[in-house]
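Reading through the structure tokens given below for one structure.
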Amino acid sequence: MILPPSFYTRTDVVKIAKELLGKVIVTNIGGIVTSGMIVETEAYAGVHDKASHSYGGRNTERTKVMFMNGGVAYVYLCYGIHHLFNVITNVEGTPSGVLIRAVEPLEGVEYMLVRRKKEKLTPALTAGPGALSAALGINTALTGTSLSGTDIFIEDRGIKLPKTDIVIGTRVGVAYAAEDAMLPYRFSIKGNKYVSKGKGL
DNA sequence: CAAACGATTTTCT
DNA sequence: GAAAATCGTTTGG
């Protein structure tokens, strides 16, 4: 089943980040359907989180999507090259979200290979936030799009993960966030080869 | 209006 | 393991 808006509008973004592991992202871009199981996530919790774009209540043209009601996509261009895909959570006015860091390819692998200009399926195809976005055809045009719509949505396919298969760690690439960089806001599936390298856990 | 920087990936040594 | 690639957003003048 497709996750309902009520899944995203809850207030505990860290819990949502954990629950998103094992769920399946499906994109339908230009008539091409691709999907992948989420194997790594990171939580970005509201205005008090220095690592978040919305820290201190910063509400700009780019980040305004984070302030929307939960259940929409937030796609941000980083380093001028990479599209990073986030799931916005919580209710309108409270900017929190979950960065999808890695997925395991399911359907449409051949299209992902084309988009990534690769010939063979390697873990690098979707291991990493910029990589999975490119593979699934996600770009900034999807910012603000509902995750319960037809272009992109997240499904629960009944995959259940034992608690022991969830690895908790610190976030990646947010060293500038000082003490908030140490928060246990990163979740991944133990032993899954599509989990990004990032930094060691 | 101009300058600096980043929630990264790839490639080369 | 280290450095380059590359551009929209943000910040300062």
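Predicted model, so just to flag it, every value in this text is computed and none were measured. Each chain gets a letter, A, B and so on, in the order its sequence line appears, and its residues count up from 1.
- B:dA2: Watson-Crick or G-U partner is C:dT11, with both key distances under 3.5 Å.
- Residue A:Ala51 is classed as a base contact, given a heavy-atom separation below 4.0 Å to a base.
- Because its NZ or CZ atom is both nearer than 6.0 Å to the ring centre of A:Tyr44 and within 45° of the ring axis, A:Arg171 counts as a cation-pi partner of that residue.
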- Query: Please walk me through it: do A:Glu107 and A:Thr34 pass side-chain hydrogen bond (donor to acceptor under 3.5 Å, both in side chains)?
  - Reply: CA-CA 5 Å; A:Glu107 292 133 283; A:Thr34 51; over 6 Å; no
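- Between the NZ atom of A:Lys117 and the P atom of B:dT11 there is a distance of 12 Å, given to the nearest Å.
- A single hydrophobic cluster is seen to contain both A:Val103 and A:Leu161, as judged by linkage of ILVMFWY side chains at heavy-atom distances under 4.5 Å, directly or through other members.
- Cation-pi check for A:Arg58 over A:Tyr55 is not met; the charged atom does not lie both under 6.0 angstrom from the ring centroid and within 45 degrees of its normal.
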- Query: What does nucleotides 5-13 of chain C look like as a protein-contact string, B for base, S for sugar-phosphate only, - for none, at under 4.0 angstrom between heavy atoms?
  - Reply: BBBSSSS--
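- The pairing partner recorded for C:dA5 is B:dT8, the criterion being a Watson-Crick or G-U wobble arrangement whose two distances lie under 3.5 angstrom.
- If you take CG of A:Leu125 and C1' of B:dT10, they are 14 Å apart, rounded to a whole angstrom.
- Summarising the local packing, CD of A:Glu110 is surrounded by more than 12 heavy atoms from other residues, nucleotides or ligands at distances under 6.0 Å.
- A:Lys118 pairs by the side-chain hydrogen bond (donor to acceptor under 3.5 Å, both in side chains) definition with nothing, not counting sequence neighbours.
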